[in-house]
Amino acid sequence: MKDIAHKGRIVEITPEYTTVEIVSGSACSECHASGLCGISEYTKKAVQVPTSGWDNYKVGDEVDVLLKASMGHKAVWVAYVIPLFVLLAGLLGLNALGCAELVSGLGGIALTALYYFFVWLFRNKLKNEYIFTIK
């Protein structure tokens with residue numbers, strides 16, 4: 001199975017987790033004129049990777065952070081696809097019940113917010129499923 005890899009830099013090492021900072025940029029950030037343009041964006045994300053006792057990494061090392069592709073696809077479903085279906089089901093369901101368009105729209109948004117609330121409640125369970133590794 002293929003892995004999803006991102007380049008990162010180790011910023012902290014503890015006995016439990018190694019924190020790796022991943023800098024992701026927009027497509028414009030790779031342009032040679034990005035410093036002059038001002039449109040390019042960089043986003044820093046911190047990923048916690050379980051620390052293993054036999055790794056010889058140091059703070060500041062450049063590493064590749066890997067995640068199984070199947071976990072990446074699952075994350076897309078949890079974050080984007082399922083909420084879209086919840087929104088559409090709420091919108092079309094309330095519309096079919098004869099609610100006004102405003103009520104249907106707000107109801108669909110409320111159901112989507114409720115979905116994300118449940119995702120937030122189960123964040124620790126989801127966190128345990130998405131395990132990153134360092135290459």
Side-chain angles (χ1 to χ4, degrees):
M1 179 141 280
K2 294 184 178 183
D3 292 331
I4 299 170
H6 293 284
K7 294 212 178 283
R9 185 177 52 85
I10 296 177
V11 293
E12 181 183 12
I13 299 175
T14 65
E16 295 86 27
Y17 291 103
T18 299
T19 304
V20 179
E21 182 178 74
I22 299 171
V23 178
S24 57
S26 66
C28 294
S29 66
E30 301 300 323
C31 176
H32 67 281
S34 63
L36 301 172
C37 180
I39 296 177
S40 64
E41 298 177 8
Y42 290 99
T43 304
K44 293 182 180 181
K45 299 174 186 171
V47 175
Q48 290 185 333
V49 181
T51 301
S52 60
W54 56 86
D55 291 336
N56 293 326
Y57 299 116
K58 297 181 294 296
V59 173
D61 285 352
E62 296 286 328
V63 295
D64 287 332
V65 180
L66 302 174
L67 178 70
K68 289 184 179 178
S70 62
M71 290 291 105
H73 296 302
K74 183 177 179 180
V76 168
W77 275 88
V78 169
Y80 299 111
V81 177
I82 295 173
L84 175 66
F85 288 136
V86 169
L87 175 69
L88 289 175
L91 180 67
L92 296 175
L94 289 172
N95 199 13
L97 291 174
C99 295
E101 289 181 2
L102 178 64
V103 173
S104 298
L106 292 175
I109 291 171
L111 285 174
T112 306
L114 184 65
Y115 169 80
Y116 279 120
F117 176 71
F118 280 109
V119 169
W120 179 78
L121 283 179
F122 293 105
R123 68 187 177 278
N124 291 328
K125 184 177 185 295
L126 290 171
K127 182 180 179 182
N128 293 332
E129 289 183 23
Y130 295 95
I131 298 175
F132 292 90
T133 56
I134 295 177
K135 180 178 176 183

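Under the 4.5 Å side-chain heavy-atom criterion for ILVMFWY residues, no single connected hydrophobic cluster contains both Y115 and L106. Using a 4.5 Å cut-off between side-chain heavy atoms of Ile, Leu, Val, Met, Phe, Trp and Tyr, with links allowed through other members, L87 and L92 fall into different hydrophobic clusters. Side-chain heavy atoms closer than 4.5 Å link hydrophobic residues (I, L, V, M, F, W, Y) into clusters, and following such links, possibly through other members, connects Y80 to V86. I109 and L97 are not part of a single hydrophobic cluster, where members link through side-chain heavy atoms under 4.5 Å apart. Hydrophobic clustering (side-chain heavy atoms under 4.5 Å, transitive across Ile, Leu, Val, Met, Phe, Trp, Tyr) groups V76 together with V119.
The environment of E62 atom CD is dense: over 12 non-hydrogen atoms of other residues, nucleotides or ligands sit within 6.0 angstrom. Crowding of F85 atom CZ: a count of heavy atoms from other residues, nucleotides or ligands under 6.0 Å not exceeding 12.
Each of V81, L88, I82 was compared with L84 under the side chain to side chain contact (heavy atoms under 4.5 Å, CB included) criterion, and only L88 meets it. Residue I134 is tested with L66, V47, D61, T18 for a side chain to side chain contact (heavy atoms under 4.5 Å, CB included); the sole match is T18.
For the pair V103/E101, no side-chain contact is recorded, criterion being any heavy-atom separation below 4.5 Å from C-beta on. Looking only at side-chain heavy atoms (C-beta outward), V49 and Y17 stay at 4.5 Å or farther from each other.
Scanning all heavy atoms of the two residues, the minimum distance from A46 to T19 falls at CB-CG2, 4.0 Å. In plain terms, the two heavy atoms of S104 and N95 that are nearest each other are OG-N, 3.3 Å. Residues K7 and D64 approach most closely at NZ-OD1, 3.2 Å, considering heavy atoms. Closest heavy-atom contact between A79 and Y116: O-OH, 2.5 Å.
For the atom pair CD (E21) and NE2 (H6), the distance works out to 14.0 Å, reported to the nearest 0.5 Å.
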